[in-house]
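So that the names make sense, note that chain A is the first sequence line, chain B the second, and so on, each numbered from 1.
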2 protein chains.
Amino acid sequence: MPEQRLRPKLKVRRIALDTGRENIAVISRHSRALRPEVFRGFSRVELTNSNGTRSMLATLLITDDDTLVDAEELGLAEPAFRRFAYPTGSLVSVTPAKPPESLEAVRSKILGHTLDAEDVTAIINDIAHFRYSDMEIAAFLVGSASFMTSSELLALTRAMAEAGTKLRWDRPIVADKHCIGGIPGNRTSMVVVPIVAAHGLTIPKTSSRAITSPAGTADTMEVLARVDIGIDEMREIVHAYHGCLVWGGRVNLSPADDILISVERPLGIDTREQMVASIMSKKLAAGATHLLIDIPSGPAAKVTTAIEAMRLRKLFEFVGDHFGIAVEVVTTDGREPVGRGIGPVLEARDVMAVLSNEPNAPRDLREKSLRLAAHLLEYDPKIRGGTGYARASELLDSGAALKQMQRIIDAQGPSNCNNDLGILTVDIRAAGDGVVESIDCLRLNRLARIAGAPIDKGAGILVLKKTGDRVEKDEPLYRIYACEHPEFELAAAAANAQSGYEIDGPLGPAASPQ
Amino acid sequence: MPEQRLRPKLKVRRIALDTGRENIAVISRHSRALRPEVFRGFSRVELTNSNGTRSMLATLLITDDDTLVDAEELGLAEPAFRRFAYPTGSLVSVTPAKPPESLEAVRSKILGHTLDAEDVTAIINDIAHFRYSDMEIAAFLVGSASFMTSSELLALTRAMAEAGTKLRWDRPIVADKHCIGGIPGNRTSMVVVPIVAAHGLTIPKTSSRAITSPAGTADTMEVLARVDIGIDEMREIVHAYHGCLVWGGRVNLSPADDILISVERPLGIDTREQMVASIMSKKLAAGATHLLIDIPSGPAAKVTTAIEAMRLRKLFEFVGDHFGIAVEVVTTDGREPVGRGIGPVLEARDVMAVLSNEPNAPRDLREKSLRLAAHLLEYDPKIRGGTGYARASELLDSGAALKQMQRIIDAQGPSNCNNDLGILTVDIRAAGDGVVESIDCLRLNRLARIAGAPIDKGAGILVLKKTGDRVEKDEPLYRIYACEHPEFELAAAAANAQSGYEIDGPLGPAASPQ
């Protein structure tokens with residue numbers, strides 16, 4: 001390539017700046033080798049190492065601070081430095097980047113055309129390789145949000161599954177479960193996996209960390225055991241104990257999905273098709289053969305009506321059938337938190353109380369977990385139809401599930417994060433007598449997050465009153481736990497401003513406290 | 001506000017990092033006052049000064065470099081520091097930002113609903129006040145790209161015009177012209193304005209700088225005179241000489257439009273409705289009463305067919321009628337560059353050659369300018385119908401237009417940028433004998449940009465052969481000018497790889513050079 005030779009070279013410098021997902025390169029305004037204003041118009045640049053074997057797209061920022069990046073250097077912020085994986089001081093050429101060709105397909109989708117499988121694959125590959133800017137990802141997501149055909153949905157699911165690791169288990173039944181999310185404290189996986197594994201069915205569960213919620217299953221499991229576990233180790237654990245509870249990010253299942261989610265969440269767009277493609281791509285990559293989907297339905301849940309739940313169910317079934325995954329969908333009560341704890345340590349306590357059959361263990365978490373486990377156990381041809389629930393109860397009541405959980409915890413090994421419950425606490429109290437009319441799940445999630453969860457494992461909320469409970473004035477509704485002062489005070493102030501509870505008193509329904 | 005008191009405070013520090021349009025705040029990973037990982041989930045933060053009188057939304061980056069931002073500081077990158085306008089060292093509180101409420105309307109638009117005028121106004125106000133991230137702006141643009149109703153289009157035009165400065169001229173006829181762009185060298189405004197002003201019609205022309213093209217009219221005019229001129233001074237010049245040619249950015253006409261454009265361009269989405277809303281909001285804000293729109297049509301132009309041109313014309317007329325602006329639309333030849341120069345200095349030379357009636361002045365620029373000026377002059381009730389062209393020619397041929405241009409240049413004063421033509425030149429030559437079949441406008445724009453235009457005023461392309469011209473092998477097709485070595489070599493290599501010219505030789509059409 002004659003162009004290659006002519007390109008000006010700059011020395012790589014590492015910039016201790018965490019720019020999230022996007023590749024950011026920093027260049028001096030006085031750069032001797034090239035002038036940033038000229039490049040600015042192209043918005044993105046392509047970096048190439050000296051022998052032309054490695055290249056990467058990045059967004060360019062310009063600095064006037066020579067101590068940050070001088071005229072002969074090219075600064076790479078942390079994620080870009082890590083991805084480019086080329087040592088400090090090595091020479092790199094920088095050229096205006098052509099936008100990825102697949103953007104043409106995104107533009108045509110925006111204008112109302114339908115994408116074929118080849119277009120979708122090209123888009124997903126470019127996204128998985130960090131060739132799209134956040135803006136461009138947003139354009140693809142929004143362009144696909146207004147409508148997505150069945151074949152686009154299938155192509156998207158397959159392309160995302162193919163873009164990362166694919167696990168294969170060489171067993172006739174590989175069970176998995178997934179909840180579409182949104183309900184605080186809903187840690188059924190940590191009860192279901194040990195029950196199903198104790199029975200002997202294979203259930204290699206990978207979970208996500210929280211993005212905008214106060215805890216993902218991976219965050220909560222990390223209170224009890226290490227979750228950052230590679231593929232080989234995961235395979236050994238599953239072969240020995242039939243199940244595991246690990247973090248999916250390390251295993252690199254459907255990485256394009258993680259990228260899409262990181263843009264979807266802040267934008268707050270989450271269409272049915274995108275949700276189904278996201279979940280099914282992960283399960284396809286994880287090698288699941290039998291999948292149970294939990295759709296909580298309630299006024300502050302992701303799904304608010306029975307019709308919506310049914311449409312979503314049909315979509316899961318359609319995609320499952322196409323890819324040969326036996327999908328079963330259950331609609332559950334999504335009106336209030338499940339269990340009492342919200343936040344990793346508090347949720348882990350609920351889970352262990354259920355597995356240990358403690359008398360005061362939260363009944364709703366126990367019942368829901370048994371019901372889900374029952375569905376999965378019925379996949380076993382040896383189980384007589386209709387006896388799944390009895391078998392699940394037996395495994396839980398006998399302590400077999402607890403023993404299996406302990407084996408899995410031991411196999412995954414101890415995590416080294418601080419797992420103490422927060423010592424800063426405050427009770428949020430009822431403003432008057434009455435009955436708890438409703439609990440706003442979104443609000444409690446946000447309050448637990450402000451209190452520090454999931455970064456502070458011990459931060460969160462302990463729910464003391466549920467819907468239908470009778471309360472007296474000044475009786476505590478829930479307790480906020482925090483580990484650090486600023487978060488504690490922010491969360492307390494926010495909860496006092498808007499608690500998320502509605503109490504139906506003698507004077508009619510009212511938010512509480514007021 | 002009780003929450004205010006509790007918020008942790010950090011000291012403002014200026015970070016010499018040009019982050020383009022977006023507000024970026026940088027915080028230490030070891031920040032004592034608050035922990036960045038906790039805030040990260042919220043993606044955006046709100047900064048508030050100590051007495052709560054000023055607040056701003058920003059995107060948060062995290063640093064591990066204490067020399068950049070230490071544990072007690074809050075770094076503000078250049079644009080954020082400038083906008084927050086609060087001195088270094090002053091105390092600022094930082095809280096998780098609630099997304100702007102108007103995003104709810106964006107989400108509903110994405111799902112196919114129609115926005116009312118109130119929604120559109122709220123969105124545009126939030127965008128104009130930098131409350132949207134790039135991702136969110138992209139979501140609005142893409143969500144509006146699939147369809148926009150007539151009332152949405154009118155609401156968008158009005159909201160954008162209202163969000164900035166509004167000029168009023170107190171004259172019965174305030175003429176303006178606008179080209180939808182895309183054609184290199186198309187600097188007709190700089191010929192039309194002096195002709196129309198010489199006649200005595202008011203034509204207060206504001207123009208943009210290039211975003212992705214090698215020159216905007218403001219960039220080219222800056223070769224001859226200062227263009228960074230405030231409202232009061234602009235008013236004086238227009239009152240004295242009937243016209244001006246200034247940069248619209250300084251006058252702050254429809255600032256939300258500038259922000260939308262900065263996201264539209266890199267994404268390459270440019271729907272009819274968005275184009276019309278953008279242009280008409282600027283003209284409405286500028287106080288135009290009579291507007292001429294130039295729509296170049298050609299294979300590499302923004303508009304490629306007569307049907308498209310007509311649909312666009314109807315849309316301009318519809319919006320113009322609604323707001324009481326007399327709009328006239330002309331479709332012009334957009335198949336190849338207008339004039340010979342591409343890039344500020346080269347284009348300014350073409351303009352002055354036409355105004356000075358030099359014998360070798362580009363005929364196409366002269367003819368097109370006369371035709372456009374004729375349309376504008378016919379707005380004058382004193383002009384007899386059909387005599388506009390003759391009057392325009394008279395003003396140009398007699399030197400009256402040149403004299404008027406000189407008055408305007410003198411009134412605007414000299415610019416202090418370097419206006420020398422680039423001394424690094426290379427001729428791009430024909431690969432064989434034949435006739436120039438077509439010239440790719442997009443390609444020439446890109447090559448001129450790579451050569452350094454518009455940052456280097458003297459960089460660009462001098463077109464030596466136009467379509468229909470006969471060429472022999474090795475005869476120069478165009479000359480590249482550059483001011484700096486890296487840009488020169490990049491542009492030369494790119495032109496040799498793909499010239500943008502197609503020569504129809506004895507062996508059939510072929511790209512040249514090959």
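With values rounded to the nearest 0.5 angstrom, B:E22 atom CD is found 8.5 Å from A:M135 atom CE. Once rounded to the nearest 0.5 Å, the distance linking OG1 of A:T271 with CZ of B:R107 reads 13.5 Å. For the atom pair CG (B:D18) and CD1 (A:I27), the distance works out to 12.0 Å, reported to the nearest 0.5 Å. Here the CG-OG1 distance, from B:L61 to A:T19, works out to 6.5 Å after rounding to the nearest 0.5 Å. Rounding to the nearest 0.5 Å gives a distance of 11.5 Å between CG of B:D65 and CZ of A:R14.
Residue with the most contacts toward chain A among B:T67, B:I15, B:V26, B:V263: B:V263 (heavy-atom pairs, distance under 4.5 Å). Chain B forms the most heavy-atom pairs under 4.5 Å with one residue out of A:P454, A:G112, A:A145, A:A139, and that residue is A:A139. Annotation: maximal heavy-atom pairing with chain A below 4.5 Å, among B:A210, B:S213, B:A16, occurs at B:A16.
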Exercise. Between B:L68 and A:L17, is a side chain to side chain contact (heavy atoms under 4.5 Å, CB included) present by the stated rule, with each step listed?
Worked result: CA-CA 9 Å; B:L68 194 64; A:L17 204 57; 3.9 Å; yes

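The side-chain contact (heavy atoms from CB on, under 4.5 Å) check on B:Y132 picks up B:P100, B:S102, B:L103, B:V106, B:I123, B:D126, B:I127, B:E136, B:I137, with sequence neighbours excluded.
For chain A, no part of B:S133 is nearby; none of its heavy atoms comes within less than 4.5 Å.
Each of A:I269, A:L267, A:L141 was evaluated against B:I110; a single residue qualifies, A:I269, per the side-chain contact (heavy atoms from CB on, under 4.5 Å) test.
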